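Please read the structure below before turning to the comments.
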Amino acid sequence: MKFETLSLHGGQTVDETKSRGVPLYRTSAYLFDSAQHAQDLFSLKVLGNIYTRLGNPTQDVLEQRLALLEGGKASLALASGTNAVFYTMINICDGGDEIVASSGLYGGTYTMFDAILPQFGIKTRFADINDPESFRKKITDKTRVLYIESVGNPALDVADIEAFAKIADEYEIPLVVDSTFSSPYLLKPLEWGANIVIHSLTKWIGGHGTALGGIVVDGGTFDWSREKFSLYNRPDKGYHDLRFGHDLGELNSLAFILRMRTVPLRNLGGCISPDNSWMFLQGLETLALRMERHSRNALAVAEFLSGHERVDWVRYPGLKGDSQYEKAQRYLPRGAGGMVVFGIKGGREAGQKFIEALSLFSHVANVGDAKSLAIHPASTTHSQLSSDALDSAGIGEELVRLSIGIENIDDILEDLKNALAMS
Ligand SMILES: *Cc1c(COP(=O)(O)O)cnc(C)c1O
């Protein structure tokens with residue numbers, strides 16, 4: 001089935017209630033058939049429901065649907081995108097291991113890698129997303145993963161995923177792609193050779209700014225039994241001394257997701273609520289329609305801004321002449337997404353005035369809502385970063401970030417025009 005069809009039907013088996021909508025299972029726990037059944041569930045001999053921290057039937061439909069939409073083997077939904085990034089990294093890296101990552105990351109992810117993961121003995125070396133070879137230079141014998149965003153936040157650099165996948169493959173390490181800004185409708189990183197895809201469901205997949213969630217999709221293609229992946233080779237104290245890279249038999253290709261569910265999720269507890277899983281299934285049903293409109297409106301906004309006298313520069317990967325245009329044509333042929341950033345003349349002060357003068361756009365920290373949103377990253381979402389880190393992430397004082405919604409384009413442009421006149 002094609003994308004639009006899968007986003008409505010994928011992963012749902014209609015049950016005995018004949019409920020057409022995916023039922024919302026609000027329960028914490030599930031009855032065991034027998035003592036033996038309970039024992040088999042706990043030892044992974046059979047897969048099934050135990051407790052909602054580990055999984056829930058509503059969540060299961062969401063996980064199957066996203067795996068189908070990304071072309072992956074399995075997935076795990078979590079409490080937030082941030083949580084999805086964290087569990088992915090601690091499900092790959094042991095203490096002493098290293099990450100090589102883009103320096104232009106989502107602010108929270110950058111801080112996690114730079115300031116929190118070192119607590120676990122995991123070090124990150126940052127490299128330039130526009131130069132895949134700069135990643136190669138940062139790889140050492142301790143590197144266990146390459147980490148990039150498909151379209152970076154907020155500089156909107158488009159990753160040459162195929163080039164990164166080749167490098168990862170050469171060094172026998174996985175490529176992890178946070179694909180939040182493109183959504184599976186615009187881009188499927190696994191098709192370009194990535195091994196794992198992460199989404200903040202909070203953004204375009206939910207699509208309405210009403211729930212927090214994240215998901216990790218595993219392509220099932222990476223061989224975790226390689227000796228340097230210590231978490232998959234030694235008997236796991238976190239799960240009955242199982243060696244996840246060796247002891248799973250037929251479930252071997254699911255080693256990564258099974259370990260994430262049974263070790264980090266089970267013991268650290270960042271589960272998604274059944275209600276939020278249900279919200280994200282609602283969002284997915286219209287993802288294709290919304291991404292088309294987001295992309296069309298964003299292109300019109302970029303074209304409008306690039307001709308405006310109060311605007312210094314515009315960055316939209318789908319805009320002809322943009323430095324990312326060639327890569328966008330290759331990786332994002334269905335549309336370059338809903339984000340537009342631009343530099344306003346007059347720097348920080350003009351940027352803040354502009355944002356206050358908007359009336360249709362909402363001034364919020366979120367992106368990916370059906371409604372248009374605006375923010376000034378240097379003083380808000382990325383204010384944790386040093387001025388050097390801001391520079392290498394491409395975030396100047398003059399940068400304004402717009403998340404273009406699906407309103408009528410005339411109303412969007414009118415609001416921008418008025419606010420620019422007042423900035
Ligand atoms: C929002 C976002 C995250 C974090 O997701 P939350 O759901 O807010 O925790 C991670 N990566 C990117 C690219 C994001 O936009």
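Note that the structure is a prediction, hence the values are computed from the model and not measured.
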Those residues that, when tested against [X], pass salt bridge (Lys or Arg N to Asp or Glu O under 4.0 Å) (two or more places apart):
{"X": "Arg296", "result": "none"}
{"X": "Glu70", "result": "none"}
{"X": "Asp94", "result": "Arg234"}

Once you round to the nearest 0.5 Å, how far does [atom1] of [X] lie from [atom2] of [Y]?
{"X": "Met112", "Y": "Ile122", "atom1": "CE", "atom2": "CD1", "value": "10.5 Å"}
{"X": "Ser103", "Y": "Asp114", "atom1": "OG", "atom2": "CG", "value": "11.0 Å"}
{"X": "Leu319", "Y": "Leu156", "atom1": "CG", "atom2": "CG", "value": "11.5 Å"}
{"X": "Leu78", "Y": "Arg261", "atom1": "CG", "atom2": "CZ", "value": "8.5 Å"}
{"X": "Asn252", "Y": "Glu250", "atom1": "CG", "atom2": "CD", "value": "10.5 Å"}
{"X": "Phe229", "Y": "Phe222", "atom1": "CZ", "atom2": "CZ", "value": "3.5 Å"}

Of all heavy-atom pairs between [X] and [Y], which one has the smallest distance, and what is that distance?
{"X": "Leu69", "Y": "Pro184", "result": "O-CB, 4.0 Å"}
{"X": "Asn83", "Y": "Gly270", "result": "OD1-CA, 3.4 Å"}
{"X": "Val314", "Y": "Val311", "result": "CG2-CG1, 3.7 Å"}
{"X": "Cys271", "Y": "Ala79", "result": "O-CB, 3.4 Å"}
{"X": "Ile129", "Y": "Ala159", "result": "CD1-CB, 3.9 Å"}
{"X": "Ala255", "Y": "Trp224", "result": "CB-CD1, 4.4 Å"}

What about the rings of Phe164 and Trp192, do their centers lie closer together than 6.0 Å?
->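 For Phe164 and Trp192, the ring centres are not under 6.0 Å apart.
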
Please report the C-alpha distance between Thr140 and Arg125 in whole Å, then the side-chain angles of each, then the deciding distance to 0.1 Å, and finally whether the side chain to side chain contact (heavy atoms under 4.5 Å, CB included) criterion is met.
-> CA-CA 10 Å; Thr140 72; Arg125 296 171 190 274; 3.7 Å; yes

Heavy-atom donor-acceptor pair, [X] side chain to [Y] backbone, under 3.5 Å:
{"X": "Asp312", "Y": "Phe342", "result": "no"}
{"X": "Ser295", "Y": "Gly337", "result": "yes"}
{"X": "Gln64", "Y": "Gly10", "result": "no"}
{"X": "Thr380", "Y": "His376", "result": "yes"}

Would you mind listing every salt bridge (Lys or Arg N to Asp or Glu O under 4.0 Å) that reaches into residues 138-160, with sequence neighbours excluded?
->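 Qualifying pairs, neighbours excluded: Asp97-Arg144, Asp157-Arg315, Asp160-Arg330.
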
Provide the full list of salt bridge (Lys or Arg N to Asp or Glu O under 4.0 Å) pairs with a residue in residues 72-93, sequence neighbours left out, each pair given once.
-> none

Lys345 atom NZ, over 12 foreign heavy atoms within 6.0 Å =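 Correct, the count exceeds 12.
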
Is it true that atom CD of Glu349 has more than 12 heavy atoms of other residues, nucleotides or ligands lying nearer than 6.0 Å?
->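 Counting other residues, nucleotides and ligands, CD of Glu349 stays at 12 neighbours or fewer.
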
Does some side-chain heavy atom of [Y] sit less than 4.5 Å from a side-chain heavy atom of [X]?
{"X": "Glu4", "Y": "Leu8", "answer": "no"}
{"X": "Ile99", "Y": "Leu117", "answer": "yes"}
{"X": "Leu254", "Y": "Asp218", "answer": "no"}
{"X": "Leu305", "Y": "Val340", "answer": "yes"}
{"X": "Leu212", "Y": "Ile272", "answer": "no"}
{"X": "Arg259", "Y": "Leu231", "answer": "yes"}
{"X": "Asp178", "Y": "Tyr147", "answer": "yes"}
{"X": "Pro23", "Y": "Thr58", "answer": "no"}

How about [X] and [Y]: does a side-chain donor come under 3.5 Å of a side-chain acceptor?
{"X": "Glu63", "Y": "Gln59", "value": "yes"}
{"X": "Tyr30", "Y": "Thr52", "value": "yes"}
{"X": "Thr17", "Y": "Ser19", "value": "no"}
{"X": "Ser182", "Y": "Ser150", "value": "yes"}
{"X": "His246", "Y": "Asn233", "value": "yes"}

Between side-chain atoms of residues 166-175 and protein atoms elsewhere (two or more places apart, or another chain), which donor-acceptor pairs fall under 3.5 Å?
residue : atom : partner : partner atom : Å
Glu170  : OE1  : Arg136  : NH1          : 3.4
Glu170  : OE2  : Arg136  : NH1          : 2.6

Carboxylate-amine/guanidinium proximity below 4.0 Å for Lys327 and Glu162 | no

Does any pair with a residue in residues 397-406 pass side chain to side chain donor-acceptor pair (under 3.5 Å), and if so which ones, sequence neighbours excluded?
->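 Every side chain to side chain donor-acceptor pair (under 3.5 Å) pair that includes a residue of residues 397-406, provided the two are not neighbours, is Asn153-Arg401, Trp313-Glu398, Arg348-Glu397.
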
Where at least one partner belongs to residues 268-294, residue pairs that pass side chain to side chain donor-acceptor pair (under 3.5 Å), sequence neighbours excluded = Arg26-Asp275, Tyr185-Glu292, Thr286-Arg290

Those residues that, when tested against Thr221, pass side-chain contact (heavy atoms from CB on, under 4.5 Å) (two or more places apart) =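 Thr221 satisfies side-chain contact (heavy atoms from CB on, under 4.5 Å) with Asn195 only.
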
Quick one: side chains of residues 412-423, donor-acceptor pairs under 3.5 Å with protein atoms, not counting sequence neighbours, listed by atom name and distance.
residue : atom : partner : partner atom : Å
Asp415  : OD1  : Ser359  : N            : 2.9
Asp415  : OD1  : Ser359  : OG           : 3.2
Asp415  : OD1  : Leu360  : N            : 3.4
Asp415  : OD2  : Ser359  : N            : 3.2
Asp415  : OD2  : Leu360  : N            : 2.8
Asp415  : OD2  : Phe361  : N            : 3.0
Asn418  : ND2  : Glu414  : O            : 3.4
Ser423  : OG   : Arg310  : NE           : 3.3
Ser423  : OG   : Arg310  : NH2          : 3.3
Ser423  : OG   : Leu420  : O            : 2.9

Are Phe135 and Ser102 close enough, and set up right, to give a side chain to side chain contact (heavy atoms under 4.5 Å, CB included), and what steps lead you there?
-> CA-CA 8 Å; Phe135 277 61; Ser102 160; 4.0 Å; yes

Is there a side chain to side chain contact (heavy atoms under 4.5 Å, CB included) between Ile409 and Val301 once you walk through the steps?
-> CA-CA 8 Å; Ile409 188 62; Val301 165; 4.1 Å; yes

Is there a ring-ring contact (aromatic ring centres under 6.0 Å, His included) between Phe120 and Phe86 once you walk through the steps?
-> CA-CA 11 Å; Phe120 297 78; Phe86 179 50; 5.7 Å; yes

Who passes ring-ring contact (aromatic ring centres under 6.0 Å, His included) against Tyr239, sequence neighbours left out?
->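 In terms of ring-ring contact (aromatic ring centres under 6.0 Å, His included), with neighbours along the sequence ignored, Tyr239 is linked to no residue.
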
Using ring-ring contact (aromatic ring centres under 6.0 Å, His included) as the criterion, list what pairs up with Tyr110, not counting sequence neighbours.
->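 Here the qualifying residues are Phe126.
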
